[in-house]
Amino acid sequence: MRIITNIVWSLGVILAISTCAVHAQESVSIESLLKEMVDRDAVASFPETDFRLKQHSSYNRASKTPEEPKGWFTNQDYNPKRANTHNFIRIEENNGRKEWVLMDHQAPGAIVRTWMPWLNQKKPGTNITMRIYLDGSEEPAIEGNMLGLFDGTGMIPYPFAHPSLRSAVSFFPIPYAKSCKVTTDSKPFFFQFTFREYPEGTSIETFTMTDFDAAKELTEATGKQLLHPIAVGAGNPLKFSATLDDQAEQSLQLPAGAASVRELSVKLGDYSNPNITRLVVLKMEFDGKPTVWCPIGDFFGSGIGLNPVEGWYRTVSEDGTMSCRWVMPYQKGGKVSLLNLSGAPVDAELEVKTGDWKWDENSMYFHAAWRGQYPVPTRPFSDWNYVTLKGKGVYVGDTLTIMNPVEKWWGEGDEKIWVDGEDFPSIFGTGTEDYYAYSWGGRSTDFYQHPFHAQPFANQYNKLNRKPESDDSRNAQGFSVETRSRALDTMPFGSSLQLDMEVWSGTDCDMGYQVGTYWYAYPETTSNRKPEPTEVLNVPPLPDGITGLKP
């Protein structure tokens with residue numbers, strides 16, 4: 001399998017090099033990546049400069065293959081100070097200084113996401129120094145405090161870098177033409193470095209502090225765009241306002257001809273029943289092919305109930321309006337529908353704004369699908385599949401809603417993502433909360449949001465009901481909603497993608513899982529997700545003493 005994958009990748013490299021020669025594409029640089037970060041049209045087309053997303057993390061090296069469950073589900077995904085754990089690449093001497101190597105990528109690429117938690121869940125900060133060496137240089141291109149570099153208090157500004165909940169997270173791009181090595185001057189804790197790997201021959205302008213300083217004006221403007229998202233190119237709205245009877249469906253027909261959905265919003269008349277966001281389903285089809293079947297809560301990032309949150313692609317407002325700004329191209333026509341499965345009439349409004357689109361060979365259809373399951377046993381440990389795709393496309397995000405019947409933390413499980421027939425996942429993470437960009441999940445049961453990820457609800461808290469600072473509890477019982485959308489860290493795939501999340505709770509119990517997944521794809525690409533109207537009704541019961549969400 002590895003030989004075949006390498007041949008396919010090599011052919012892709014040759015094709016990419018020849019394409020670059022013919023079209024003289026713009027070099028990959030800090031500026032080009034910042035522009036791409038806020039270009040929603042670009043996400044709807046397969047990248048002209050192809051890449052694969054990969055990750056170096058502190059996952060447990062005992063995890064070798066699913067055929068050996070004991071090692072596969074070993075969960076010490078970090079490096080304790082007093083243990084002989086080697087969840088990093090190596091230790092080396094540089095200029096008489098001992099350094100721990102966390103990432104060593106020998107190919108053209110760009111770091112597009114970093115994540116590291118506080119070393120102590122009650123105390124921020126660290127004295128560990130991190131160094132990033134590019135293109136084989138003996139001098140680091142970036143050097144500074146391991147957390148301070150990436151939490152918005154150092155050289156990388158907010159919102160590109162920010163503290164999240166008990167962690168430092170950055171999406172600022174760090175491109176390099178030949179190689180990238182990341183080290184610390186002390187034993188590392190948890191870490192994730194997510195990066196693009198480009199084909200050999202890709203024109204890349206390696207990160208320098210001179211270029212970083214020169215891009216400050218663009219950086220500031222891009223940050224403002226991320227924090228004040230608006231749909232671009234959206235025309236006059238198409239809309240309906242109706243009372244949908246149980247099992248009823250109502251649709252909007254889209255304008256004929258090549259065009260694209262630019263903005264889409266849904267508003268219900270009543271959210272007093274938190275389950276209503278699961279029981280009303282958004283459906284879409286383009287050019288005669290169904291592409292979206294997803295409950296509105298999981299589509300817009302609210303999960304169970306109305307949980308206000310704002311990101312680059314989606315906004316859930318306090319007045320109940322749920323909107324998205326994914327660009328969704330089509331060639332001939334399409335329709336958008338709402339389906340009521342709640343068992344009672346529902347007042348609903350649907351509004352769609354379309355705009356221009358020039359369809360070409362890189363254009364793709366937007367997809368969203370849903371999976372729900374209750375019960376999900378936590379023993380034996382298992383991998384829970386979000387989605388498996390066969391064909392060519394780009395994965396762009398997901399929203400996970402879980403129901404945890406006990407107080408102990410539920411999310412130690414790791415994301416495992418295989419792309420294009422890999423023998424071992426090129427994305428192997430360190431925990432559900434780490435994938436959604438926060439840390440110390442048992443204690444971090446509070447609302448937070450960022451342009452590319454959020455925790456809209458946890459335990460009993462959301463944006464309208466924050467966890468008091470005085471509350472130091474570790475109660476992770478009840479529902480939790482986690483959401484992530486992707487810009488520079490989208491995941492292109494040429495033949496397949498499989499995303500699994502490890503079910504790893506500290507307690508032997510039955511949980512509820514539901515996930516909405518989003519991707520773009522060519523017409524021939526297939527998914528293992530089908531409409532599940534029966535499972536939509538199988539809402540996990542809340543445990544005794546938990547009253548649910550406040551509307």
Side-chain angles (χ1 to χ4, degrees), residues 60 69-70 72-78 117 121-122 165-167 190 274-275 277-278 297-298 302-305 307 371-386 398-416 429-448 454-462 465-468 470-483 500-515 535 538-550:
N60 196 297
K70 183 177 180 180
W72 190 248
F73 296 112
T74 299
N75 197 50
Q76 189 167 286
D77 302 315
Y78 64 108
Q121 59 183 298
K122 294 186 178 182
L165 289 178
R166 293 179 170 83
S167 61
F190 287 89
N275 296 335
T277 58
R278 172 167 166 152
D298 301 292
S302 181
I304 288 282
N307 298 299
R371 183 190 180 193
Q373 183 183 349
Y374 178 78
V376 177
T378 62
R379 299 293 186 274
F381 298 118
S382 62
D383 291 328
W384 195 77
N385 177 247
Y386 276 28
D398 40 71
T399 297
L400 174 67
T401 300
I402 67 93
M403 197 290 295
N404 177 30
V406 299
E407 292 188 6
K408 288 186 178 180
W409 176 233
W410 55 268
E412 291 292 348
D414 309 330
E415 77 273 19
K416 301 165 184 177
T430 54
T432 310
E433 78 272 41
D434 314 342
Y435 176 82
Y436 290 107
Y438 65 106
S439 59
W440 298 108
R443 181 165 269 112
S444 295
T445 48
D446 192 12
F447 167 85
Y448 89 97
Q455 181 172 253
F457 183 87
N459 180 239
Q460 56 182 305
Y461 303 111
N462 65 7
N465 178 39
R466 299 296 301 274
K467 186 175 183 179
S470 59
D471 184 353
D472 195 36
S473 67
R474 300 183 64 182
N475 188 350
Q477 192 176 33
F479 282 106
S480 291
V481 181
E482 323 294 340
T483 189
D500 293 349
M501 189 66 73
E502 188 175 281
V503 178
W504 212 111
S505 168
T507 305
D508 183 353
C509 61
D510 287 335
M511 293 176 59
Y513 268 68
Q514 67 184 68
V515 70
E535 191 61 37
N538 183 26
V539 180
L542 283 165
D544 293 340
I546 297 294
T547 57
L549 288 75
K550 295 182 178 180

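In this structure, the side chains of F447 and N307 stay at 4.5 Å or more apart for every pair of heavy atoms. In this structure, F381 and N75 have side chains that are not in contact, with every pair of non-hydrogen atoms separated by 4.5 Å or more. Under the 4.5 Å side-chain criterion, counting only non-hydrogen atoms from C-beta, K122 is in contact with D472. The side-chain heavy atoms of N459 and Q477, taken from C-beta on, include a pair separated by under 4.5 Å. Within the 4.5 Å cutoff, side-chain heavy atoms of D383 are placed close to those of F73. The side-chain heavy atoms of V515 and M501, taken from C-beta on, include no pair separated by under 4.5 Å. Residues D398 and Y435 meet the side-chain proximity criterion, which asks for heavy atoms closer than 4.5 Å. For the pair S505 and M511, the minimum side-chain heavy-atom distance is below 4.5 Å.
Listed for the R474 side chain is no donor-acceptor partner under 3.5 Å among the backbone atoms of W440. Side-chain N or O atoms of S382 include none that pairs as donor or acceptor with a backbone N or O of V503 at under 3.5 Å. D414 contributes a side-chain N or O that, together with a main-chain N or O of G431, makes up a donor-acceptor pair within less than 3.5 Å. T378 contributes a side-chain N or O that, together with a main-chain N or O of T507, makes up a donor-acceptor pair within less than 3.5 Å. With D298 contributing its side chain and G303 its backbone, the two residues share no donor-acceptor pair below 3.5 Å. For K467 (side chain) and S473 (main-chain N/O), a donor-acceptor pair under 3.5 Å exists by modelled atom type. A donor-acceptor contact shorter than 3.5 Å is absent between the side chain of Q514 and the backbone of R278. Not one N or O on the side chain of D510 forms a donor-acceptor pair closer than 3.5 Å with the backbone of P375.
Using cut-offs of 30° and 60° for the angle between ring planes, the Y513 and W384 rings count as tilted. Using a 30° and 60° split on the angle between ring planes, Y78 and F190 fall in the parallel class, below 30°.
In this structure, OG1 in T445 is found 8.5 Å from CD in Q460, a value given to the nearest 0.5 Å. Separation of atoms OG1 (T432) and CH2 (W504) is listed at 11.5 Å; rounding is to 0.5 Å. Note that CZ of R443 is 13.0 Å distant from CD of E433, once rounded to the nearest 0.5 Å. Taken from CD in Q121 to CZ in R166, the straight-line distance is 7.0 Å, to the nearest 0.5 Å. D434 contributes atom CG, which lies 7.5 Å from atom CD of E415 (distance to the nearest 0.5 angstrom). Taken to the nearest 0.5 Å, the CG atom of D446 stands 4.0 Å off from the CZ atom of R466.
Residues S439 and S167 come closest through the heavy atom pair OG-CB, 3.4 Å. Among all heavy-atom pairs drawn from M403 and P543, the shortest one is SD-CD, 3.8 Å.
Looking at Y438 and E482, their side chains do bring a donor and an acceptor atom within 3.5 Å of each other. A donor and an acceptor atom, one from each side chain of D500 and N385, are located under 3.5 Å apart.
Each of T399, T483, T401, N462 was evaluated against P456; a single residue qualifies, T483, per the side-chain contact (heavy atoms from CB on, under 4.5 Å) test.
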Go through the steps to decide whether F479 and L542 satisfy the test side-chain contact (heavy atoms from CB on, under 4.5 Å), and finish with yes or no. CA-CA 8 Å; F479 282 106; L542 283 165; 3.6 Å; yes
